[in-house]
Amino acid sequence: MADEVRQIERAVVATGRLVAGVTDGQWANGTPCAEWDARAVLNHTVGGMRIFAAELDGTDPGAEHESDWLGTDPAGAYATAAALDLAAWRRPGALDTVVHISLGALPGPLAAMVHLTEVCVHGVDLAVATGQRELVDEELCEELLSTMRGMAGFDAFRVPGVFGAAVPPPPGAAPHGLLLAYLGRSVS
């Protein structure tokens with residue numbers, strides 16, 4: 001199994017731990033993703049997982065990315081999406097698939113990087129919003145940040161709705177704080 005798929009697995013598992021720790025009263029908490037509260041971040045993440053899985057499997061996801069994927073059971077919706085997502089990425093030849101998303105037609109390895117970023121970063125958004133920073137996979141955040149810094153042309157993704165300009169990280173920031181700051185999210 002390729003490294004990209006192993007990293008996606010780690011991100012899905014780490015985000016799953018965070019989702020399991022969100023209490024009913026925390027879904028309206030603000031997140032580092034300024035326009036969204038915790039529920040909206042998870043809804044976007046679940047929608048993305050379902051769409052990527054459908055693209056990899058050649059099926060219809062059944063709804064649009066920003067539809068309500070969570071219903072009354074956010075944790076259950078995440079668990080279902082996670083199972084579908086992981087099965088799709090583990091499928092032989094998944095990285096040879098061209099994935100069509102809002103960013104365009106992406107070759108499998110680039111699609112995996114985009115997906116990894118979405119699941120990992122939005123998981124961190126949830127961790128910050130719900131006071132669960134200790135559950136973040138700091139090593140994965142560090143690996144992802146290193147990959148992003150090494151990507152030629154990364155600044156092309158610094159557009160509204162994707163990533164903002166890098167901001168200064170808080171003094172002594174952990175890897176997740178450095179990652180969020182690199183992507184333009186303010187973290188205190």
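All values derive from a computational prediction rather than experimental measurement.
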- Message: Set out, in order, the CA-CA distance, both residues' side-chain angles and the distance that settles side-chain contact (heavy atoms from CB on, under 4.5 Å) for V119 and M49, then state yes or no.
- Response: CA-CA 8 Å; V119 176; M49 294 168 78; 4.2 Å; yes
- Over all atoms of both residues, closest heavy-atom pair of A94 and A88: CB-O, 3.5 Å
- Item | Atom CD of E64 with >12 non-hydrogen neighbours under 6.0 angstrom | no
- Message: If hydrophobic clusters are built from ILVMFWY residues whose side chains come within less than 4.5 Å, do L18 and V41 share one?
- Response: no
- Give the C-alpha distance, both sets of side-chain angles, the deciding distance and a yes or no for side-chain contact (heavy atoms from CB on, under 4.5 Å) between M148 and L179. CA-CA 9 Å; M148 288 177 171; L179 176 62; 3.9 Å; yes
- Message: Checking the side chain of S67 only, and the main-chain atoms of A63 only, is there a donor and an acceptor separated by less than 3.5 Å?
- Response: no
- Linking I/L/V/M/F/W/Y whenever their side-chain heavy atoms sit closer than 4.5 Å, directly or via other members, would L86 and V114 fall into one cluster? yes
- Query: Looking only at atom types and distance, does a side-chain atom of D85 sit under 3.5 Å from a main-chain N or O of F52, one as donor and one as acceptor?
  - Reply: no
- Task: Measure from the side-chain N and O atoms of R91 to the backbone N and O of D57, and report whether any donor-acceptor pair falls under 3.5 Å.
- Result: no
- Task: Classify the angle between the aromatic ring planes of W36 and H44 as parallel (below 30°), tilted (30 to 60°) or perpendicular (above 60°).
- Result: tilted
- Task: Would you please say whether a donor-acceptor pair under 3.5 Å links the side chains of E55 and H100?
- Result: no
- Note on the structure: Between the CH2 atom in W89 and the CG atom in L95, the distance rounded to the nearest 0.5 Å is 6.0 Å
- Just by distance, with hydrogens left out, do E143 and S146 show a side-chain donor and acceptor under 3.5 Å apart? no
- Task: Return yes if a side-chain donor-acceptor contact under 3.5 Å exists between E142 and H176, otherwise no.
- Result: no
- Message: Using modelled atom types and a 3.5 Å cut-off, is there a donor and acceptor pairing between side-chain atoms of T15 and backbone atoms of V12?
- Response: no
- Message: Donor-acceptor pair, distance only, cut-off 3.5 Å: does the side chain of T31 make one with the backbone of C33?
- Response: yes
- Item | Closest approach of A112 to E4 (non-hydrogen atoms, all atoms of both residues) | CB-CB, 3.8 Å
- Message: Check whether H65 reaches the backbone of G47 with its side chain - one donor and one acceptor, N or O, closer than 3.5 Å.
- Response: no
- Message: Strictly by side chain to side chain donor-acceptor pair (under 3.5 Å), give each pair with a member in residues 69-81 just once, sequence neighbours left out.
- Response: none
- N/O donor-acceptor pair under 3.5 Å between Q26 side chain and T23 backbone: yes
- Message: Salt bridge or not between D3 and R10? Use side-chain N to carboxylate O under 4.0 Å.
- Response: no
